[in-house]
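Everything on this sheet refers to the single structure shown next.
In what follows, chains are A, B, ... by sequence order, proteins preceding strands, each numbered from 1.
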Protein chains: 2
Amino acid sequence: MAVTLADVAARAGVSSATVSRVLNGNYPVAGNTRERVKRAVEELDYVVNGQARALAAATSDLVGVLVNDVADPFFGLIASALQAEIGAGGAGPVGGKLAVVCNTGGSPEAELTYLTLLERQRAAGVVLTGGAVEDDTHTAAVAARLARLATSGTHVVLCGRPPLTLPDDSGQVTTVAFDNRGGARRLTEHLLSLGHRRIGCVTGPVERSTTRHRLEGHRAALEAHGMGPGTGEGDNALRLTVHGGYDRASGYDATLELLRRDPGVTAIVAANDTVALGVCAALRDQGRSIPGDVSVAGFDDLPFSVDAAPALTTVRIPLQEAGARAGRLVMGRQAPPPGGLSTIPTELMVRASTAPPSNRP
Amino acid sequence: MAVTLADVAARAGVSSATVSRVLNGNYPVAGNTRERVKRAVEELDYVVNGQARALAAATSDLVGVLVNDVADPFFGLIASALQAEIGAGGAGPVGGKLAVVCNTGGSPEAELTYLTLLERQRAAGVVLTGGAVEDDTHTAAVAARLARLATSGTHVVLCGRPPLTLPDDSGQVTTVAFDNRGGARRLTEHLLSLGHRRIGCVTGPVERSTTRHRLEGHRAALEAHGMGPGTGEGDNALRLTVHGGYDRASGYDATLELLRRDPGVTAIVAANDTVALGVCAALRDQGRSIPGDVSVAGFDDLPFSVDAAPALTTVRIPLQEAGARAGRLVMGRQAPPPGGLSTIPTELMVRASTAPPSNRP
DNA sequence: AAGCGCGCAGAAAGCGCTTGCTACACCCTC
DNA sequence: GAGGGTGTAGCAAGCGCTTTCTGCGCGCTT
């Protein structure tokens with residue numbers, strides 16, 4: 001049915017070995033032979049069979065990218081930058097790899113399933129993005145899978161995920177981490193320095209590493225201001241932590257809950273920008289002005305944050321930079337950092353959604 | 001190196017054919033033999049080689065999804081729904097396909113390159129999403145590529161793209177189209193019925209089909225209101241069309257240009273929601289209130305639109321529904337609609353960013 | 001003039017899997 | 001008891017490519 005190497009070879013009057021060599025350019029072929037082959041390829045509209053090539057050469061054109069949610073610009077931005085780095089136009093012999101984007105929906109099972117699928121395809125590389133679910137069983141299962149992938153030559157990169165130490169002798173995984181803790185800390189410090197003391201925290205799902213890190217940063221800032229656990233204000237802050245999902249609706253609901261627990265909150269830090277939008281919506285619906293009555297802050301600095309009303313104070317994570325770096329690492333185009341870990345700094349972006357608390361009771 | 005079928009066969013004391021049959025479950029194997037094989041698979045942590053399987057069985061686990069920009073939620077939403085439909089957990093023998101998301105950046109060359117790459121991989125299906133670049137040469141090139149794919153058994157689906165008739169006898173491509181024209185028309189009618197007459201139009205790149213369709217809908221509404229070309233108001237409307245990209249910055253710049261051309265515009269329809277955010281920002285920066293001074297409308301109804309300030313009036317496209325349908329079609333799980341074309345209706349969402357024009361001069 | 005190296009092309013052995021066909025029991029049936 | 005199903009398992013031939021190794025013809029050295 002389809003045109004094969006042999007067809008091209010027959011047409012050019014050479015052996016299939018020669019055609020293969022012309023196509024791959026990795027072996028000397030006489031000028032006029034090469035021309036003849038090229039012409040035959042053109043005339044027959046020949047396209048190599050990637051699977052056969054992969055099988056014979058033990059290579060792969062695929063790079064897996066696991067994300068929690070493609071529809072979330074957080075992952076979209078990473079994926080986009082990553083893909084630009086590994087994709088067509090790349091330096092590879094065949095002109096780049098294809099990104100297989102796998103939407104796990106945050107489900108540990110889906111994560112493992114996709115890792116198996118990628119192992120089947122003998123992917124050239126695998127990038128896991130976004131926070132990990134912190135469950136020992138699951139972490140171990142993922143580590144085992146990654147160890148096997150790494151051992152069999154697949155480049156494994158974690159992007160925005162806590163580093164993972166693999167069992168003993170297996171290959172390396174390299175990590176591009178985000179400074180979530182530092183960013184969260186600076187954000188809360190910003191609020192504290194504005195004079196806020198009753199700060200609500202609408203954070204992500206308990207089991208996610210990202211949630212934990214951001215929360216740790218938040219608490220570290222409080223503690224540094226003498227608001228650690230045991231102090232009155234500190235214990236109040238603990239009460240003002242509500243867990244939810246990384247979506248707008250969670251932000252909305254959590255805010256209502258927060259206002260119920262303490263109608264006097266003057267500031268709310270959200271799990272991310274999307275959640276912050278939900279927070280803002282809930283506050284508005286409750287008749288509170290932002291930042292007049294309550295200051296609100298997000299996280300990630302997604303593109304829409306600057307257009308929110310008011311523009312969101314947030315913590316910028318250079319996601320494209322992170323995605324690009326992950327892409328270079330997974331392609332082996334960039335040497336892994338010492339220790340296999342590089343951390344992407346985060347930056348506080350102060351905008352209009354935060355202000356000093358009003359002096360009403 | 002890696003564990004192969006033969007290794008498993010040896011361990012289970014059977015032939016590799018039997019192992020293959022157990023794995024695929026497509027041939028009777030005696031109960032205890034099956035058990036033995038399964039145990040051997042477990043013990044050796046065997047994972048089939050997808051490439052070898054694909055080569056031997058002439059099948060593929062890959063479905064290509066071409067998008068203009070993964071980071072844009074418009075495409076993210078489609079991709080996400082599509083992936084849920086084709087992905088792990090699906091009904092296929094091996095449990096679903098992998099989505100290869102290809103970011104074309106709107107570049108025709110990248111589009112062709114990716115199609116070649118997908119043809120190489122003998123993808124089981126290909127979905128092209130988003131507006132097409134309307135250039136005869138390019139359209140013909142794409143049509144030729146798709147014809148070859150379709151002929152060789154790859155399911156080809158267009159989602160949010162104008163239908164394409166392939167040369168003569170080749171396979172079918174099925175299309176899931178959006179009613180951009182109708183949506184745009186209803187949107188402009190909404191503005192007209194509010195009393196607006198000087199309506200600016202910040203639209204997308206000239207060469208894109210989506211741009212053309214939305215513009216046609218816009219103009220049809222004007223014409224139906226006696227504001228066709230030749231009439232004073234109609235010609236003014238033509239002057240008030242500015243082309244730009246589908247990004248926020250374009251919306252910002254185009255708005256400034258629009259205000260220069262006619263400082264008295266009372267409403268602006270944007271190419272999409274993202275552009276609308278830029279429009280809003282520019283208006284605010286110019287001291288115009290929304291919708292007090294100028295009404296603004298978007299398109300697509302992306303999730304953030306409801307959180308914009310003010311909440312955007314827009315045209316909702318059920319992107320997830322579209323993506324899911326495209327997914328089912330590309331998997332062959334749903335019969336193609338008669339004529340190979342199904343159209344997704346769009347819905348006008350009236351929110352706070354549009355209001356009657358103020359009666360100032 | 002004999003010997004060598006070199007540049008290029010082909011033969012053929014896989015890569016790891018699927019699958020059509022054959023083979024062998026074993027149990028019926030007449 | 002011989003012929004014929006039936007139910008399982010194996011053999012072996014590919015799938016379309018890459019790559020090692022062999023081979024051939026030439027021009028060059030000694």
Counting only N and O atoms by type, is there a donor-acceptor contact under 3.5 Å from the side chain of A:Thr154 to the main-chain atoms of A:Ala150?
-> no
Where A:Gln51 and B:Thr59 come nearest, the two heavy atoms and their spacing = NE2-O, 3.5 Å
Considering non-hydrogen atoms only, spot the tightest contact between B:Val330 and B:Val126 and give its length.
-> CG2-N, 3.8 Å
Check the distance between D:dT18's C1' and A:Leu5's CG and give it to me in whole angstrom.
-> 9 Å
Rounded off to whole Å, could you give me the CD-to-C1' distance for the B:Glu119 and D:dG16 pair?
-> 15 Å
Return the value, rounded to whole Å, for the distance between atom CZ of B:Arg120 and atom P of D:dC15.
-> 22 Å
Quick test: give all pairs of protein nitrogen or oxygen and nucleotides 5-10 of chain D nitrogen or oxygen below 3.5 Å, distance rounded to 0.1 Å.
{"residue": "D:dA9", "atom": "OP1", "partner": "B:Thr33", "partner atom": "OG1", "Å": "2.4"}
{"residue": "D:dA9", "atom": "OP2", "partner": "B:Ala30", "partner atom": "N", "Å": "2.9"}
{"residue": "D:dA9", "atom": "N6", "partner": "B:Tyr27", "partner atom": "OH", "Å": "2.9"}
{"residue": "D:dG10", "atom": "OP2", "partner": "B:Ser15", "partner atom": "N", "Å": "2.8"}
{"residue": "D:dG10", "atom": "OP2", "partner": "B:Ser15", "partner atom": "OG", "Å": "3.1"}
{"residue": "D:dG10", "atom": "OP2", "partner": "B:Thr18", "partner atom": "OG1", "Å": "2.7"}
{"residue": "D:dG10", "atom": "N7", "partner": "B:Arg21", "partner atom": "NH1", "Å": "3.2"}
{"residue": "D:dG10", "atom": "O6", "partner": "B:Arg21", "partner atom": "NH1", "Å": "3.3"}
{"residue": "D:dG10", "atom": "O6", "partner": "B:Arg21", "partner atom": "NH2", "Å": "3.0"}

How many Å lie between CZ on A:Arg53 and P on D:dT19, as a whole number?
-> 9 Å
Test salt bridge (charged side-chain N to carboxylate O under 4.0 Å, His left out) applied to A:Arg161 and A:Glu111, step by step | CA-CA 14 Å; A:Arg161 247 192 194 233; A:Glu111 195 163 283; 2.9 Å; yes
Respond yes when some side-chain nitrogen or oxygen of B:Ser20 is under 4.0 Å from OP1 or OP2 of C:dT18, and no when none is.
-> yes
In terms of heavy-atom contacts, B:Val47 and A:Arg122 come closest through O-NH2, 3.2 Å
Contact under 4.0 Å: B:Asn26 side-chain N or O vs C:dT18 OP1/OP2 | no
Can you see which heavy atom on A:Gly106 is nearest to which on A:Val133, and at what distance?
-> O-CG2, 4.0 Å
Pull out every protein N or O sitting under 3.5 Å from an N or O of nucleotides 23-25 of chain C, one pair per line with the distance.
none

Would you kindly give the CD-to-C1' distance between B:Gln51 and C:dG14, to the nearest whole Å?
-> 16 Å
Spacing between B:Leu55 atom CG and C:dG14 atom P, to the nearest angstrom = 17 Å
For DNA chain D, whose closest nucleotide is more 5', that of B:Ala56 or that of A:Ala57?
-> B:Ala56
Provide, to the nearest angstrom, the distance between the CZ atom belonging to A:Arg122 and the C1' atom belonging to C:dC17.
-> 11 Å
Backbone N/O of A:Val29 and side chain of A:Thr33: donor-acceptor pair under 3.5 Å = no
Distance below 4.0 Å between A:Asn49 side-chain N/O and D:dC15 OP1 or OP2 | no
Taking all non-hydrogen atoms of both residues, which atom of A:Gly327 and which atom of A:Ile86 are closest, and how far apart?
-> O-CG2, 3.7 Å
Over all atoms of both residues, closest heavy-atom pair of A:Ala71 and B:Leu77 | CB-CD2, 3.7 Å
